[in-house]
Student: 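A single structure is presented below for examination.
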Amino acid sequence: MIIRAATKDDVPEFVAFLNEIIAMGGTTAYQSPKTPDYFEAFFAPGSARLLIHVAEANGAVVAVQWVRPFDPPEQHIASIASFAKPGQAQRGVASKLFAVTKAACADAGYTQIDATIRADNDGGLAYYGKMGFIEIGRSPDVPLSDGTLVTRIHKRLAL
């Protein structure tokens, strides 16, 4: 397994499994499919504070993780998103991917990483907890596009 900075060439692979995750529902705040164009901004000049890494196994991208400046912009806080290809779980991939992301965040001058996780995403809550994130708040009853109300849990990690 290789953990490396993502390139534009990786976009079709991770968009395909991100859309599979979106279609499955229940683990991401994204509710509509994404196109490769959505990610073009990730690789645009001037997006140096946006960091994106992939885990590659047997020549295929099996996980992607990115951070970007927190919204509203607080230059020292990164907002993280993590996705793994369904059915391709490999022991230790997520931890190794996060170790690289965490180091890159520190190098980029971030002092904290923020994660917002749906309360019904048990796997995401467990993952970020294992990585050392602590709960700092909740946004109750956030409506999904179909009207379903879901609490979002906000966690932070100090670097």
Side-chain angles (χ1 to χ4, degrees), residues 1-44 47 49-73 77-98 100-102 104-105 113-131 133 135-157:
M1 179 197 32
I2 299 169
I3 307 295
R4 60 173 175 78
T7 70
K8 282 185 178 183
D9 293 339
D10 298 316
V11 171
E13 274 189 278
F14 70 72
V15 167
F17 70 74
L18 174 58
N19 284 337
E20 184 179 345
I21 293 166
I22 292 168
M24 290 167 39
T27 61
T28 178
Y30 291 124
Q31 296 170 58
S32 58
K34 299 298 176 196
T35 65
D37 293 344
Y38 175 83
F39 293 97
E40 288 300 314
F42 282 36
F43 299 96
S47 57
R49 291 188 55 82
L50 190 144
L51 308 166
I52 182 167
H53 295 93
V54 294
E56 185 181 302
N58 302 316
V61 174
V62 296
V64 61
Q65 188 168 72
W66 64 80
V67 296
R68 56 180 157 192
F70 187 73
D71 185 21
I77 302 175
S79 180
I80 192 168
S82 307
F83 301 94
K85 188 173 185 178
Q88 297 293 312
Q90 295 185 20
R91 191 163 182 79
V93 170
S95 297
K96 290 175 184 171
L97 184 57
F98 182 69
V100 171
T101 297
K102 182 178 173 183
C105 284
I113 304 173
D114 181 85
T116 299
I117 309 113
R118 287 174 46 161
D120 57 351
N121 181 354
D122 294 334
L125 291 168
Y127 170 67
Y128 287 110
K130 182 179 175 184
M131 297 302 108
F133 286 72
E135 185 175 329
I136 60 164
R138 291 176 178 239
S139 296
D141 300 330
V142 177
L144 300 177
S145 59
D146 68 0
T148 302
L149 299 178
V150 178
T151 295
R152 296 204 175 142
I153 299 173
H154 307 283
K155 293 186 170 211
R156 286 257 170 98
L157 176 74

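When a residue number appears, it is its place in the shown sequence, counting from 1. Below, all heavy atoms of this structure are taken into account, side chains as well, without hydrogens, waters or symmetry copies.
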Student: List the atom of Gln65, the atom of Phe98, and the distance in Å for their closest heavy-atom pair.
Tutor: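 Smallest interatomic distance, heavy atoms only, reads OE1-CA, 3.3 Å.
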
Student: Let me have the donor-acceptor pairs involving side chains of residues 139-146, under 3.5 Å, with sequence neighbours excluded, atom names and distances please.
Tutor:
residue: Ser139; atom: OG; partner: His154; partner atom: NE2; Å: 2.7
residue: Ser145; atom: OG; partner: Gln31; partner atom: OE1; Å: 2.8
residue: Asp146; atom: OD1; partner: Thr148; partner atom: N; Å: 2.8
residue: Asp146; atom: OD1; partner: Thr148; partner atom: OG1; Å: 2.8
residue: Asp146; atom: OD2; partner: Thr148; partner atom: OG1; Å: 3.2

Student: Where is the tightest heavy-atom contact between Arg118 and Thr28, given as atom of each residue plus distance?
Tutor: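 Between these two residues, the closest heavy atoms are NH1-O, 3.1 Å.
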
Student: Within this structure, what is the CG-CD1 distance for the pair Leu125 and Ile153, rounded to the nearest 0.5 Å?
Tutor: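 So the CG of Leu125 and the CD1 of Ile153 are separated by 4.5 Å.
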
Student: Taking atom OG1 of Thr116 and atom CZ of Arg138, what is their separation to the nearest 0.5 Å?
Tutor: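 Result: 12.5 Å between the selected atoms.
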
Student: At their closest point, which heavy atom of Ala78 faces which heavy atom of Val67, and how far apart are they?
Tutor: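 Looks like CB-CB, 3.9 Å.
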
Student: If only atom types and distance count, is the side chain of Arg156 paired as donor or acceptor with the main-chain N or O of Asp114 below 3.5 Å?
Tutor: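 Flag not set: sc Arg156 to bb Asp114 has no pair under 3.5 Å.
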
Student: Ignoring hydrogens, what is the shortest heavy-atom contact between Pro12 and Lys8? Give both atom names and the distance.
Tutor: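 Closest approach of Pro12 to Lys8, heavy atoms only: CD-O, 3.8 Å.
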
Student: Are the side chain of Tyr127 and the backbone N or O of Ala94 linked by a donor-acceptor pair below 3.5 Å?
Tutor: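 At least one qualifying donor-acceptor pair exists.
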
Student: Can you name the nearest heavy-atom pair linking Ile21 to Pro86, along with the distance?
Tutor: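 So the minimum-distance heavy-atom pair works out to CG1-CG, 3.8 Å.
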
Student: If every non-hydrogen atom of Ala6 is compared with every non-hydrogen atom of Val54, which pair is closest and at what distance?
Tutor: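 Distance-wise, the nearest heavy atoms are CB-CG1, 3.8 Å.
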
Student: For the residue pair Phe43 and Val11, establish whether any side-chain heavy-atom pair is separated by less than 4.5 Å.
Tutor: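 Phe43 vs Val11: side chains touch.
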
Student: Within this structure, what is the NZ-CD1 distance for the pair Lys102 and Ile80, rounded to the nearest 0.5 Å?
Tutor: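 Those atoms lie 11.0 Å apart.
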
Student: Would you say NZ of Lys34 has more than 12 non-hydrogen atoms from neighbouring residues, nucleotides or ligands within 6.0 angstrom?
Tutor: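 More than 12 within 6.0 Å, yes.
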
Student: Taking the side chain as every heavy atom from C-beta outward, state whether Ile113 and Met131 have any pair of such atoms under 4.5 Å apart.
Tutor: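 They are not in contact (no side-chain heavy atoms under 4.5 Å apart), so the answer is no.
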
Student: Hey, does Tyr38 have a side-chain heavy atom less than 4.5 Å from the side chain of Val15?
Tutor: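 Side chain of Val15 against side chain of Tyr38, heavy atoms only: no contact under 4.5 Å found.
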
Student: What is the distance from atom OG of Ser82 to atom OH of Tyr128, rounded to the nearest 0.5 Å?
Tutor: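 The distance works out to 2.5 Å.
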
Student: Are the side chains of Leu51 and Thr101 in contact, using a 4.5 Å heavy-atom criterion?
Tutor: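 Not in contact.
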
Student: Could you tell me whether the side chain of Phe14 reaches within less than 4.5 Å of the side chain of Phe83, counting heavy atoms only?
Tutor: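 Heavy-atom side-chain distance check fails, nothing below 4.5 Å.
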
Student: Could you measure the distance from the CH2 atom of Trp66 to the CG atom of Leu50? Nearest 0.5 Å is fine.
Tutor: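 The distance works out to 9.0 Å.
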
Student: Please verify the inter-ring angle class for Phe39 with Phe42; under 30° counts as parallel, over 60° as perpendicular, anything in between as tilted.
Tutor: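 Perpendicular: the ring planes of Phe39 and Phe42 meet at over 60°.
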
Student: Can you tell me how far apart NE2 (His53) and CD1 (Ile3) are? Round to the nearest 0.5 Å.
Tutor: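 Result: 9.0 Å between the selected atoms.
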
